2 protein chains.
Amino acid sequence: MEKRSPRRTGTGENVHSAVTSYDVAQLAGVSQSAVSRCFRPGSSIAPKTRLRVLEAAQQLGYAPNAMASGLITRRTNLVAVLISNLTNLYYPEVLAEITRRLSDHGIRVLLFALPAESEVDSVLDQVWRYRVDGAIAALRLSPDQLRDFARRRVPVVLYNRFGEGEAVPSVCCDSVGGERQLVDRLIAAGHKAFGIIAGPDDSYVSQERVRGARERLEERGRSALVTTGSFDYSSGNAGLHALMAQSQGKLDALICANDLMAIGAIDCARNDFALVVPDDLSIVGFDGVAPAMWSSYQLSTIRQPVRRMTQAAVDMLLERIGDPDLPPEVRTFAGALIEGSSARLAARAEPLP
Amino acid sequence: MEKRSPRRTGTGENVHSAVTSYDVAQLAGVSQSAVSRCFRPGSSIAPKTRLRVLEAAQQLGYAPNAMASGLITRRTNLVAVLISNLTNLYYPEVLAEITRRLSDHGIRVLLFALPAESEVDSVLDQVWRYRVDGAIAALRLSPDQLRDFARRRVPVVLYNRFGEGEAVPSVCCDSVGGERQLVDRLIAAGHKAFGIIAGPDDSYVSQERVRGARERLEERGRSALVTTGSFDYSSGNAGLHALMAQSQGKLDALICANDLMAIGAIDCARNDFALVVPDDLSIVGFDGVAPAMWSSYQLSTIRQPVRRMTQAAVDMLLERIGDPDLPPEVRTFAGALIEGSSARLAARAEPLP
DNA sequence: TTGAAAGCGGTACCAA
DNA sequence: TTGGTACCGCTTTCAA
């Protein structure tokens with residue numbers, strides 16, 4: 001016998017609660033289990049029954065309750081996406097791609113956008129509560145936090161981050177390689193006085209990019225002045241001012257830790273210093289965001305292969321949701337050098353190590 | 001007597017499943033109900049017990065299961081955010097703001113980013129499954145879809161959209177008013193030959209903005225050439241080319257349905273037509289995105305009050321989650337005219353109706 | 001203040 | 001292929 005859904009009046013009118021599988025079962029004249037099977041692919045159900053049930057479901061506007069099924073299957077089809085700077089011109093693209101790809105696999109995104117890269121802990125508490133199947137994190141997670149993921153057996157994939165000390169699956173764009181390329185090409189074109197505008201001190205991405213650039217400069221017997229920005233447009237402005245002061249205006253190549261600062265620096269060079277870019281000053285960035293391609297800038301930069309990277313991140317995550325014991329793996333993608341007109345870049349003149 | 005969590009071995013080692021309130025209860029030597037109360041504010045629990053429980057919870061890394069509690073309370077603390085063009089420079093800010101504000105109220109964002117404004121239906125099915133407490137939609141919902149929200153008693157707030165026919169709570173920036181302002185100021189500065197680059201035909205925002213501009217032009221005895229773009233940078237380029245051809249180069253004021261197209265048009269005017277902006281051609285946009293303020297553009301535009309709008313959207317939604325029977329309400333916000341240097345704008349010369 | 005017990009809306013195993 | 005039933009992990013009466 002069917003149990004009647006208790007919140008439903010005899011009139012057939014929905015009083016308050018949502019439609020349940022019991023309601024559908026009753027209307028279709030089958031058991032509740034049968035209804036459940038109709039919505040679970042691969043269950044054995046007679047086509048005729050199935051049709052009757054789906055019709056009833058349609059009529060009542062029934063949709064299975066994801067909470068209830070998640071409770072018993074231990075699969076919520078939820079993935080947490082943790083992002084710090086949503087307004088950073090680069091992330092919307094990443095977020096859109098990830099969301100799209102996951103949804104192709106029937107997985108929804110629970111979004112956590114942190115104002116600062118701190119307060120991660122309070123956010124993680126929420127992540128645990130929702131029993132997400134996995135997470136993609138584009139922000140710094142401490143070793144303790146990473147261990148927490150492991151302990152709870154929640155697979156996590158880092159995006160442009162690296163599990164310091166902990167072995168964690170991650171997807172990265174090769175910052176060091178990209179910067180080395182830029183430096184080599186700038187040196188080949190005869191630049192002498194280098195300046196670097198770094199990102200925020202606590203940004204892993206910035207650290208890597210700056211390290212890549214400085215190391216290569218040193219290897220080739222050059223040095224650079226360095227100043228710190230915060231990855232935004234105005235940092236490019238402030239950074240260039242600082243470097244021009246330090247170098248007494250002798251700067252001829254400026255390496256920015258991201259495109260946004262490079263764009264700010266270009267505008268600043270033109271307006272505040274009346275410099276011609278790239279004749280007087282070469283400026284390079286990193287990321288390959290859309291505005292970098294705008295004709296006012298035509299930035300020379302390293303474009304991150306966002307498609308392939310998000311693809312990899314999602315693939316790696318799904319694999320690990322399927323089998324949490326897969327070994328960690330770091331996939332590094334080379335960025336593509338875009339030869340814009342914001343910098344004089346020569347083909348490599350000297351044989352390189 | 002306590003029921004032992006069945007998935008836990010005698011060794012105290014976690015085998016597979018997450019920690020449950022039973023585990024915490026056992027460790028703390030209290031009933032499972034007591035544990036539950038500790039995590040529900042306002043429940044009566046002795047401070048001493050509470051402390052013991054929280055300690056045990058801490059030790060085990062316990063976090064209440066949101067699915068289970070959502071199932072029984074019928075509150076998931078989940079809000080669906082439906083967005084179409086995540087890559088549109090304007091939305092990241094909106095999304096970040098909404099997420100932040102909701103999280104202040106203990107509510108998480110379930111993100112649905114649609115590639116196109118179609119396929120909404122398949123996405124809504126997912127929304128229903130997760131029993132979200134409410135939704136914020138920055139895309140077009142058909143009257144049928146809106147009625148579905150009503151039928152299921154899921155409060156929804158539209159963002160820069162309007163419930164066509166249906167009475168739906170919504171938050172809008174006054175497109176018509178903004179465009180009228182721009183038109184008035186352009187006319188006052190003596191512009192004669194107007195062009196408009198519209199957004200995609202199916203975009204409500206674009207329709208409103210174009211309508212606002214055209215109506216005002218007509219009221220004041222002017223007309224405009226119109227071409228259609230798709231809200232992106234290259235549409236500005238293509239749009240200007242189209243309009244210059246149509247007008248045989250006589251255009252002196254260009255109204256773009258958003259900033260991105262205006263920026264594209266500025267670059268195009270300078271590079272392809274060697275025009276000086278604004279001396280030869282005035283260009284205005286709409287939105288007030290970050291790049292509009294970059295010194296290469298200094299766009300004259302209408303800035304949407306994103307903070308106040310997201311605030312309003314979240315407030316309205318929370319109110320309606322509290323009381324689904326609140327009447328619909330439309331809050332319209334005036335945009336702020338930004339007098340950049342991309343257009344010659346004069347103070348209003350003639351008395352206006 | 002505390003504990004026992006009855007669900008919330010499904011899934012999955014079992015026997016029929 | 002079907003229906004019955006025991007949970008999933010929590011909240012919420014209800015008595016004690």
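Because the structure is a prediction, the values reported are computed rather than measured. First the proteins, then the strands, lettered A, B, ... as listed; each starts at 1. Because only heavy atoms are used, hydrogens play no part in the values below, and waters and symmetry mates are left out as well, while side chains stay in.
- Between B:W128 and B:F149, the angle of the ring planes goes over 60°, which puts this pair in the perpendicular group of the 30/60° scheme.
- If you take CD1 of A:I72 and C1' of C:dC8, they are 13 Å apart, rounded to a whole angstrom.
- Contact between the side-chain N/O atoms of A:Y130 and the OP1/OP2 oxygens of D:dG9 is not found at any separation under 4.0 Å.
- Going from atom CD of B:Q32 over to atom P of C:dG7 covers 16 Å, rounded to whole Å.
- Note: OH (A:Y22) to P (D:dG4) measures 10 Å, nearest angstrom.
- Nucleotide D:dG9 holds its P atom 23 Å from the CZ atom of B:R75, rounded to whole Å.
- In plain terms, the two heavy atoms of A:A135 and A:V79 that are nearest each other are CA-CG1, 4.2 Å.
- For the pair B:R50 CZ and C:dT1 P, the computed distance is 12 Å after rounding to whole Å.
- Between D:dG3, D:dT12, D:dG9, one nucleotide has an atom nearer to the side chain of B:N65 than all others, and that is D:dG9.
- More than 12 heavy-atom neighbours from other residues, nucleotides or ligands sit within 6.0 angstrom of CZ on B:R75.
- A distance-only check finds a donor-acceptor pair linking the side chain of B:R152 to the backbone of A:G61 [under 3.5 Å].
- Listed nucleotides: C:dC8, D:dT5, C:dG3. Nearest to the side chain of B:V30: C:dG3.
- Among the nucleotides C:dG10, D:dT11, D:dG9, the one closest to any side-chain atom of A:S69 is C:dG10.
- Listed by residue number, the members of residues 34-49 of chain B with any heavy atom below 4.0 angstrom from DNA chain C are B:A34, B:R37, B:S44, B:I45, B:A46, B:T49.
- In A:R50, the CZ atom is not crowded: 12 or fewer heavy atoms of neighbouring residues, nucleotides or ligands sit closer than 6.0 Å.
- Heavy atoms of B:S33 sit under 4.0 angstrom from at least one base atom.
- At the heavy-atom level, A:R129 lies nowhere under 4.0 Å from the strands shown.
- Remark: of the listed residues A:P155, A:P328, A:S170, A:P169, A:P169 is the sole one forming a side chain to side chain contact (heavy atoms under 4.5 Å, CB included) with A:M316.
- Note on the helix from C:dT1-D:dA16 to C:dA16-D:dT1: angle between the axes of the first and last five pairs equals 30°, rounded to 10 degrees.
- Between the side chains of A:S142 and A:Q145, a donor-acceptor pair is found at a separation under 3.5 Å.
- Atom pair B:R74:CZ and C:dG10:P shows a separation of 10 Å (rounding to whole Å applied).
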Under the side-chain contact (heavy atoms from CB on, under 4.5 Å) rule, what do B:Y159 and B:V94 come out as? Steps first, then yes or no, please.
-> CA-CA 10 Å; B:Y159 194 93; B:V94 175; 3.8 Å; yes

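- Taking the charged nitrogens against the carboxylate oxygens, B:R101 and B:D104 have no contact shorter than 4.0 Å, which rules out a salt bridge.
- If you take CH2 of B:W128 and P of C:dG10, they are 16 Å apart, rounded to a whole angstrom.
- For the pair A:T73 and B:A68, nearest-nucleotide mapping onto DNA chain C gives the more 5' position to B:A68.
- What separates CG of A:L71 from C1' of D:dA6 is a distance of 14 Å, to the nearest Å.
- Aromatic ring pairs are classed by plane angle as parallel below 30°, tilted from 30° to 60° and perpendicular above 60°; the pair B:F162 and B:Y204 is parallel.
- Remark: A:S31 is in phosphate contact with D:dG3, judged by side-chain N or O atoms under 4.0 Å from OP1 or OP2.
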